[in-house]
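Notes follow the structure.
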Protein chains: 2
Amino acid sequence: MRADAKKNYDHLLNVARTVFMEQGSDASLRDIARRAEVGLGTLYRHFPTREALLEALLRSSFEALAERADELQAADDSAAALMEWLQEIIAFTHEHRGVIAPMVSVIEDHESALHASCVSLRAAGAALLSRAQADGKARADLDGAELFDLIAALAWLREQPSHASRADRIFGIISGAVLNTGKSIARR
Amino acid sequence: MRADAKKNYDHLLNVARTVFMEQGSDASLRDIARRAEVGLGTLYRHFPTREALLEALLRSSFEALAERADELQAADDSAAALMEWLQEIIAFTHEHRGVIAPMVSVIEDHESALHASCVSLRAAGAALLSRAQADGKARADLDGAELFDLIAALAWLREQPSHASRADRIFGIISGAVLNTGKSIARR
DNA sequence: ACCTGAACACCGTTCAAGT
DNA sequence: ACCTGAACACCGTTCAAGT
């Protein structure tokens, strides 16, 4: 990449990070180009779709979450490890408002720039689930795709302001449904 | 209302029904006015917000769902009644793609035209839940707002094409978490 | 090789002017 | 009392023209 192109690319990523954080992942691409003081075509040249921009922006975070799952595979308590990872991925999507919808919409679209990252995350979750199942701590009749569905549902709910006060409770209820520990979540 | 106004009002509702069914509840209001062969201002006069249009369109359905809950209160099995009603409300939101997001976003906004309908539905669900709880068939540590969250999460998931094949399974898992029957959902 | 921004086809919302 | 549609302020996406 030419030096000037590289500079634009990096600057666009930084501005996009700011704007997405402020306004969510459905922020205006025009606004990003404007704030980066770059032609709109330059943004489209480097990132042909919103998904491509999100992927470039969040790649390292996705990788970190996948690595975190690997680390947690070594934890003593496989159920606690799964719960911890669920907490972390929900916290991540909560931080990046609006990111769960594109993640779900591209999970079966092999052409999307965001596809690989989502599949990796699903696989990372599936691996943690598998170990918990092997330990008899997670319900056996659940697979990675279903776990990803539950994560997506929780993540979407988390984005709704009216839900905020119940977020922990609902997380407990749904993640509790994944485990074999009966219905023991914190009572009020 | 003047006769010509009434005619426009009714015609707009019919066209909106068609367009929302075709494209979801976030369809273009401009397109609706265009297809109704009515000035854009006429649509805004009758329905000042998208929520007002949705409310006028779905009021009878919301009422039917609330009445259905009343009927089901008389059923023998309170747990089955709750499950049946959950199925029906999810089927309704699935039929009306895109409607769950505004429903959740206005549930705490007393000014919204859609507010009353959503609160009624939440109350209807809460009543069914209460009876199941009194019978010891639903987990005691759950309230209407939390049930509404779970419904919303399921409804949103249902809108995602990639989720379609697992819809029944996830419904079983989440609704199972509401009941006190352990984790007995259909195995594969 | 890369950048620019006008052009095109859309939105939602408001409101002066018309009947 | 009601209707109309231009006007305004936005979008996403493409692409001819420039450096």
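Each chain gets a letter, A, B and so on, in the order its sequence line appears, and its residues count up from 1.
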Please enumerate all residues that pass ring-ring contact (aromatic ring centres under 6.0 Å, His included) together with [X], with sequence neighbours excluded.
X	value
A:Phe171	none
A:Phe47	A:Tyr9
A:Phe20	none

Set of residues satisfying salt bridge (charged side-chain N to carboxylate O under 4.0 Å, His left out) with respect to [X], sequence neighbours excluded:
X	value
B:Glu71	B:Arg68
B:Arg34	B:Asp31
B:Glu22	B:Arg35
B:Lys7	none

Residues in contact with DNA chain C, drawn from residues 39-50 of chain A - heavy-atom cutoff 4.0 Å: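 Residues of residues 39-50 of chain A under 4.0 Å from DNA chain C: A:Gly39, A:Leu40, A:Gly41, A:Thr42, A:Arg45, A:His46.
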
Please list every donor-acceptor pair under 3.5 Å in which a side-chain atom of residues 109-118 of chain B meets a protein atom from a residue at least two apart or in another chain.
residue  : atom : partner  : partner atom : Å
B:Asp109 : OD1  : B:Glu111 : N            : 3.0
B:Ser112 : OG   : B:Leu114 : N            : 3.0
B:His115 : NE2  : B:Ile107 : O            : 3.1

Contact interval (first through last nucleotide) of DNA chain C with protein chain B, 4.0 Å heavy-atom: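 Under 4.0 Å from chain B, the extent on DNA chain C is C:dC11 to C:dC15.
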
Secondary-structure stems for DNA chain C, with pairs counted as Watson-Crick or G-U when both distances are under 3.5 Å and runs at least 3 long: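 Stem list for DNA chain C: C:4-8 with D:12-16, C:12-16 with D:4-8.
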
B:Trp156 and A:Trp156 aromatic ring geometry - parallel, tilted or perpendicular at 30°/60° bounds: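 Judged by the thresholds at 30° and 60°, the geometry between A:Trp156 and B:Trp156 is parallel.
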
Salt bridge (Lys or Arg N to Asp or Glu O under 4.0 Å) partners of residues 36-58 of chain B, not counting sequence neighbours, each pair once: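 Salt bridge (Lys or Arg N to Asp or Glu O under 4.0 Å) check on residues 36-58 of chain B returns B:Glu55-B:Arg59.
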
5' priority, DNA chain D, between A:Asp31 and B:Asn8 [closest heavy atom]: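 Comparing both residues, the 5'-ward one is B:Asn8.
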
